[in-house]
Amino acid sequence: MAIHLTPTEMARESGLERRDVIAKCMEMGVPIFQGRIDKTLFLASLQDRAPAPAPSEATA
């Protein structure tokens with residue numbers, strides 16, 4: 001299983017468009033080194049950036 005993926009491969013893995021993957025890398029500060037992105041770092045950074053789920057209202 002590869003850990004360092006091209007933006008196209010990362011797009012397939014994450015369900016995003018290739019250009020969105022590159023934009024997210026720039027936005028989150030995830031490096032693209034020699035045309036490859038660290039999958040673990042990208043997905044962890046993406047998850048950290050995801051909005052927290054809204055707490056459900058407690059029924060009394």
Side-chain angles (χ1 to χ4, degrees):
M1 175 161 40
I3 293 177
H4 297 95
L5 305 174
T6 65
T8 303
E9 294 167 334
M10 184 62 71
R12 276 189 229 125
E13 290 279 328
S14 63
L16 298 170
E17 294 290 323
R18 181 182 182 276
R19 66 179 177 269
D20 294 333
V21 168
I22 295 169
K24 292 282 185 193
C25 283
M26 300 293 289
E27 191 178 301
M28 298 183 298
V30 175
I32 300 174
F33 184 68
Q34 294 184 349
R36 303 244 176 214
I37 303 165
D38 184 305
K39 177 181 174 180
T40 306
L41 179 60
F42 179 81
L43 293 178
S45 297
L46 197 59
Q47 187 176 13
D48 285 347
R49 282 257 165 133
S56 60
E57 292 184 33
T59 54

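All values below come from the heavy atoms of this structure, side chains included, with hydrogens, waters and symmetry mates left out.
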Undergrad: Can you see which heavy atom on Gly35 is nearest to which on Pro7, and at what distance?
TA: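 Taking Gly35 first and Pro7 second, the nearest heavy atoms are O-CD, 3.5 Å.
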Undergrad: If you look only at distance, which donor and acceptor atoms sit under 3.5 Å apart when one is on a side chain in residues 17-32 and the other is two or more places apart or in another chain?
TA:
from: Arg18; atom 1: NE; to: Thr8; atom 2: OG1; distance (Å): 3.3
from: Glu27; atom 1: OE2; to: Arg49; atom 2: NH1; distance (Å): 3.2

Undergrad: Please list every donor-acceptor pair under 3.5 Å in which a side-chain atom of residues 37-45 meets a protein atom from a residue at least two apart or in another chain.
TA:
from: Asp38; atom 1: OD1; to: Thr40; atom 2: N; distance (Å): 3.0
from: Asp38; atom 1: OD1; to: Leu41; atom 2: N; distance (Å): 2.9
from: Lys39; atom 1: NZ; to: Glu13; atom 2: OE1; distance (Å): 2.9
from: Ser45; atom 1: OG; to: Leu41; atom 2: O; distance (Å): 2.9

Undergrad: Can you list the steps and then say if Met10 with Arg36 is a side-chain contact (heavy atoms from CB on, under 4.5 Å)?
TA: CA-CA 9 Å; Met10 184 62 71; Arg36 303 244 176 214; over 6 Å; no
